[in-house]
There are 2 protein chains.
Amino acid sequence: MSNKTEGRARRKGAATHDSGKVTLEMVAAAAGVSPSTVSRILNGTAVVADEKRAAVDEAIARLGFVPNPMARGLAGGRTLSIGVVTQAIDSPFYGGALRGVEEELGRAGYSPLFVSGHWSAAREAQCIETLKARRVDGIIVLTGRLSDAALAQQAQSLPVVVTGRNLVAPRLYALNFDNFEGARLAAHHLLSLGHRRIAFISGDSRHPDAKERLRGYRAALEAAGLPFEPALVLPGNYTEDSGRMAVERLLDSREPFTAIFAANDQMAFGAGLALHRRHLRVPEDVSLVGFDDVASALYAIPPLSTVHHPVYELGQAAAQAMLQLLAGETPTAQLPAPRFISRESSRELQAAPAGAAPRARRR
Amino acid sequence: MSNKTEGRARRKGAATHDSGKVTLEMVAAAAGVSPSTVSRILNGTAVVADEKRAAVDEAIARLGFVPNPMARGLAGGRTLSIGVVTQAIDSPFYGGALRGVEEELGRAGYSPLFVSGHWSAAREAQCIETLKARRVDGIIVLTGRLSDAALAQQAQSLPVVVTGRNLVAPRLYALNFDNFEGARLAAHHLLSLGHRRIAFISGDSRHPDAKERLRGYRAALEAAGLPFEPALVLPGNYTEDSGRMAVERLLDSREPFTAIFAANDQMAFGAGLALHRRHLRVPEDVSLVGFDDVASALYAIPPLSTVHHPVYELGQAAAQAMLQLLAGETPTAQLPAPRFISRESSRELQAAPAGAAPRARRR
DNA sequence: TTGTACGCGTTATCAG
DNA sequence: CTGATAACGCGTACAA
């Protein structure tokens, strides 16, 4: 045995900074048991005598032993790391979800590996390759652009959790938020305030959630017995700037409206700026509501009425589902129902010349 | 040889989903060379005959071989992953930096491992332990709360890059932004607009950058021959809410002022809300400037004048420095100088009753 | 219940 | 310039 240890110590090029690397083998020696016993205790793979277990625990603590994930990965085929594909790591929207994933995974000893797809299916696919190269144990896709088929395909080799769509496939769990209901709620809010001509700024129609939000808007209109007016729905792409441009187009079209429902908060902010530039006040002249309830919505001027999207919980739930998938269980995680948060950007329709188009007011 | 292969194939518990795992050994066999040669080609460790190199490249491509990072880590003592300690992964400020780190590291084949310290030195230390357990090759600390000594200590066992402070230590590179100059610029801007009573909302004084920003504010005042008025500096902690409360206290104090300089954009947003609540207009009644130029500053109402903090470049530079440290070089990365961005939240001081305290106007 | 022995996929050393 | 060979640190089938 001593010769083996010596042989290792003599090795050169290995770890560059071998300051106090303690190995399982050293723990075993210190505790007077075999390496396998230590391994078993670490993984709970088998029952061990209390006596030895105590000795090992003591040795681990005393030596400050920390298992080497690399070796574990190589030997056991697991890396205890989960790939997380997101669109933009710096998005105000996804940030919260990442936090949820991080915390929930951490609790179970897993680490997330974040990669950004930048809204491109091609880059997403590439990200997944990177993650697989890193041998992650599973992949969480936060609202990606990959096709359902591509995702189901990945699930054949790796457990997959995906958010933002409905999809059933083996070893795959889809976790969706009720975007339809959320949008219905928001539109209903405006309707209940007396608004009848409500403009809608939509997200990219290639996104399932964008489609659902539009559907919710239409459903609310229909329930109120109002006709759907194509002229009031403006295309956007979830960015502030697209919201700004949508409102400028709307204003230029002279189409009358008294409220705007943006399919996400970022577009609502852009819309707010466009209104401000035309000297229209929110909510006095136009009511404005968003969707998602990002952190900054609370400090917008005026604070934005919006649909609360539980992103942190979304991240948590996705992580939980992944953990369950990994354990061979069937995930049960669900998301809370949408809630509308009424703040100061929307108010009751004032007695105004019905049907008059808001105009740029001269200063 | 065949028996060895068979032995492996027979093994059970290993990788759970061995769909097409191609090993370096298989590549070697396919190319008719030894595994060492393949390894050498992969790492550029030595010169190989062009002929064999071509054969190997072909085999790699044909088989779709991807090196296993685990095995690499185990054998080579490197993991090709870098730990990144951040305060809040969902912060509007750090998000950009993370993106910069991700892209720059990715270019070199490294992956970032993000962990959040949540503004607590204790949790940061814990994060670093987690990262070390994962055997990261180096650690990037984005503006942490850890003491200089603690950081220098870590640098003894691992290369460290830290932002937001000045510090020299072996195997450690500090990358700082000129917060002093940035703040001086912002204050100077307000001064040049004719403002004389400029309130300052500071960050937590335990943060080096917060101290620098305060210093820059004072320096600008001094250069303009104005006295420093303690009553005009309000404590804050970089959150929106602290900005809001600071302004409320300021207004309640009846201290006259015509402009507010918040030490970061988030506090400026809170300040803006407080002013809005008291029916004070920006910039008509009060000029407001922030610091950082977070993405949403452009869409605030009105768009916020602020100091541009190149966070993306910060992340990039930190990653570059780490790569250089890893290569045994001395990092040279530097940050661009601060620039002040004048938008619509600040304007020339109007001829108004000088020294009159802004008051809440009745609607 | 415990120990032995081997293999996970790669890199580094050393001999040729 | 190239090929054996021995680790890297751990998990696990198998024997005891």
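The structure presented is a predicted model; accordingly, all values stated were derived computationally and were not measured. Proteins get letters first, then strands, A, B, ... in listed order; numbering begins at 1 in each.
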Could you state the atom-to-atom distance from [atom1] of [X] to [atom2] of [N] in whole Å?
X       : N       : atom1 : atom2 : result
N43(A)  : dA13(D) : CG    : C1'   : 15 Å
L74(B)  : dA6(D)  : CG    : P     : 18 Å
L24(A)  : dG9(D)  : CG    : C1'   : 8 Å
L42(A)  : dG9(D)  : CG    : P     : 15 Å
E25(A)  : dC10(D) : CD    : P     : 9 Å
M26(B)  : dG9(C)  : CE    : C1'   : 12 Å
I41(A)  : dG11(D) : CD1   : P     : 12 Å
R135(A) : dC10(D) : CZ    : P     : 20 Å

- prompt: With nearest nucleotides of DNA chain C determined for M70(B) and R40(B) from heavy-atom distances, which residue corresponds to the more 5′ nucleotide?
  reply: M70(B)
Using a 4.0 Å heavy-atom cut-off, does [X] contact any base of the nucleic acid, only the sugar-phosphate backbone, or nothing at all?
X      : value
S39(A) : base
P67(B) : sugar-phosphate
V33(A) : sugar-phosphate

- prompt: Taking 4.0 angstrom as the limit, do R99(A) and D90(B) come out as a salt bridge?
  reply: yes
query: Salt bridge between E104(A) and R107(A), side-chain N to carboxylate O under 4.0 Å?
result: yes
Of the candidate nucleotides [options], which contains the atom at the shortest distance from the side chain of [X]?
X      : options                   : value
A75(B) : dT11(C), dC10(D), dT4(C)  : dT11(C)
V47(B) : dC10(D), dC1(D), dT4(C)   : dC1(D)
F65(A) : dT12(D), dT10(C), dC10(D) : dC10(D)

Any donor-acceptor N or O pair under 3.5 Å, side chains S39(B), S36(B): no
message: Looking only at side-chain N and O atoms, does T330(B) offer a donor or acceptor that is under 3.5 Å from a partner on Q324(B)?
response: no
field: N/O donor-acceptor pair, side chain S36(B) with base dA4(D), under 3.5 angstrom
entry: yes
field: Beyond-backbone contact of L80(B) with P69(B), side-chain heavy atoms, under 4.5 angstrom
entry: no
dG11(D) phosphate, OP1 or OP2, under 4.0 Å from R72(A) side-chain N/O: yes
- prompt: Hey, does the side chain of T37(B) come within less than 4.0 Å of dG3(D)'s phosphate (OP1/OP2), counting only N and O?
  reply: yes
- line: Contacts of A71(B) and A46(B) projected onto DNA chain D by closest heavy atom; the upstream (5') one is A46(B)
